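A quick write-up on the structure given underneath.
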Amino acid sequence: TDKNIPIIEANDVTVRFPIVESADVYAVQNFNISIKPGEFVGLMGEPGCGKSTAAMSLLGLVRPPGIIESGSVKYQGQELLTMADEEIRLLRGKDIGMIVQNPRYSLYPMLRVGDQIANVYRAHNSVSKKVAWNHSIEMLKLVGINDPERRVNAYAHELSSGMAQRVLIAIALSSKPKLLLADEPTSGLDVTIQAQFLDQMWDACRQTNSAVLLVTQDLGIVANYCDRVLIMHQGKIVEDSNVFNFFETPKHDYSRRILQLQR
């Protein structure tokens, strides 16, 4: 892939939640974003400002009763919003990975973690069970789980929350996605585990040259991991700048307020 052609590009995406008896709520208004291969982009704003909804809209997914009212989302030049569900589903597991909050609940309790990674891998690659199983071990190694040959047989309840998070990265990256959407993936983890998790994700994404959109409320995470940051306020992007410029000379009042609050 050409380094300068965006992996994903959204233009003027607007998401509306119809509300009976009163005015509709526009959760996201005229959302624009463009992410290139290997780029790490933070999407930041206070709780309820629409960042998760905006991130999900890039996959054509919005929590009902929300609807994507207008706009365009192009994945490597193909329009996603008019694509058939079947096609989007194929993209979602293979080319676009996702890591969400609450890792424990995202893993199946009855399946060994090795099988969960292998199943995702086999869904998108025609390989034997044995090859997929070995791939699971490699992926656990990639995300820094020690003794992967043994851990591959573990069940979700046997893992610490930090381990569970790593298994989720392994699943999300198992098909070497070109884009990874991470929605506050470290919420509820203590600070040391947070840092380990993000280091691991950062390294793994660098090795697979995946682009990343990281939804967060944490300035420290943005400062340490992101190349660029988008600031969202009341459903709109109010600033899009590279991280150094953002911390040195924030352009928007709201950005300045965030920086003052967290200093």
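All of these numbers come straight from a predicted model, not from anything done at the bench.
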Inset, instruction - Indicate yes or no for a side-chain donor-acceptor contact from K51 to the backbone of G45 under 3.5 Å, with no hydrogens or angles considered. - result: yes
Inset, instruction - Work out which heavy atom in N153 is nearest to a heavy atom in R112; give both atom names and the distance. - result: OD1-NH1, 2.8 Å
Inset, instruction - Flag yes if L90 and L59 sit in one hydrophobic cluster, no otherwise; membership is Ile, Leu, Val, Met, Phe, Trp, Tyr, and two members link when side-chain heavy atoms are under 4.5 Å apart. - result: no
Inset, instruction - Give a yes or no on whether L61 and I67 share a hydrophobic cluster (residues Ile, Leu, Val, Met, Phe, Trp, Tyr; joining criterion: side-chain heavy atoms under 4.5 Å apart). - result: no
Legend entry - Salt bridge D203-R206, side-chain N to carboxylate O under 4.0 Å: no
Legend entry - Sidechain-backbone polar pair: S72 side chain, N11 backbone, donor-acceptor under 3.5 Å: no
Legend entry - Distance, nearest 0.5 Å, that separates OG1 of T14 from NZ of K236: 9.5 Å
Legend entry - Test side-chain contact (heavy atoms from CB on, under 4.5 Å) applied to Q196 and R166, step by step: CA-CA 9 Å; Q196 286 175 358; R166 289 178 191 196; 3.0 Å; yes
Inset, instruction - Check the hydrophobic clustering (I, L, V, M, F, W, Y; side-chain heavy atoms under 4.5 Å; chains of links allowed) and say if L159 and M110 are grouped together. - result: no
Legend entry - Closest approach of I137 to P148 (non-hydrogen atoms, all atoms of both residues): O-CB, 3.7 Å
Legend entry - Shared hydrophobic cluster for Y26 and L230 (ILVMFWY, side-chain gaps under 4.5 Å): no
Legend entry - Minimum heavy-atom distance between N32 and D12, given as atom pair plus value: OD1-N, 2.6 Å
Legend entry - From L91 atom CG to Y75 atom OH, the distance as rounded to the nearest 0.5 Å: 6.0 Å
Inset, instruction - Kindly assign one of parallel, tilted or perpendicular to the pair F40 and Y225, based on the angle between their ring planes and the thresholds 30° and 60°. - result: tilted
Legend entry - Spacing of L259 atom CG and I231 atom CD1 [to the nearest 0.5 Å]: 7.5 Å
Inset, instruction - State plainly whether one hydrophobic cluster holds both L142 and Y121, where clusters connect Ile, Leu, Val, Met, Phe, Trp and Tyr through side-chain heavy atoms under 4.5 angstrom apart. - result: no
Legend entry - Closest non-hydrogen atom pair between K251 and E239, with its separation: N-OE1, 2.9 Å
Inset, instruction - Over 60° means perpendicular and under 30° means parallel, so classify the ring planes of Y155 and H157, tilted if in between. - result: parallel
Inset, instruction - Determine, step by step, whether V73 and I68 satisfy the side-chain contact (heavy atoms from CB on, under 4.5 Å) criterion, reporting the C-alpha distance in whole Å, the side-chain angles of both residues, the deciding distance to 0.1 Å, and the verdict. - result: CA-CA 11 Å; V73 178; I68 298 176; over 6 Å; no
Inset, instruction - Using the side-chain contact (heavy atoms from CB on, under 4.5 Å) rule, take H233 and R257 through it: C-alpha gap first, then chi angles, then the decisive distance, then the call. - result: CA-CA 11 Å; H233 184 47; R257 207 162 77 226; 4.3 Å; yes
Inset, instruction - Applying side-chain contact (heavy atoms from CB on, under 4.5 Å), run through L107 and Q116 and close with a yes or a no. - result: CA-CA 8 Å; L107 292 170; Q116 295 188 51; 3.7 Å; yes
Legend entry - Pairwise distance CD(Q29) to CZ(R16) - rounded to 0.5 angstrom: 12.0 Å
Inset, instruction - May I ask you to test the L180-M201 pair for a side-chain heavy-atom distance under 4.5 Å? - result: yes
Inset, instruction - Check whether any side-chain N or O of S136 sits under 3.5 Å from a backbone N or O of I117 as a donor-acceptor pair, and report yes or no. - result: no
Inset, instruction - Please report the closest heavy-atom contact between L140 and A170, naming both atoms and the distance. - result: CD2-CB, 4.3 Å
Legend entry - Nearest-0.5 Å distance, NZ of residue K178 to CD1 of residue I8: 12.0 Å
Inset, instruction - Working to the nearest 0.5 Å, report the span between CD of Q207 and NZ of K176. - result: 9.0 Å
Legend entry - Any donor-acceptor N/O pair, E39 side chain to D227 backbone, under 3.5 Å: no
Inset, instruction - Search all heavy atoms of A55 against all heavy atoms of L181 and return the closest pair with its distance. - result: O-CD1, 3.6 Å
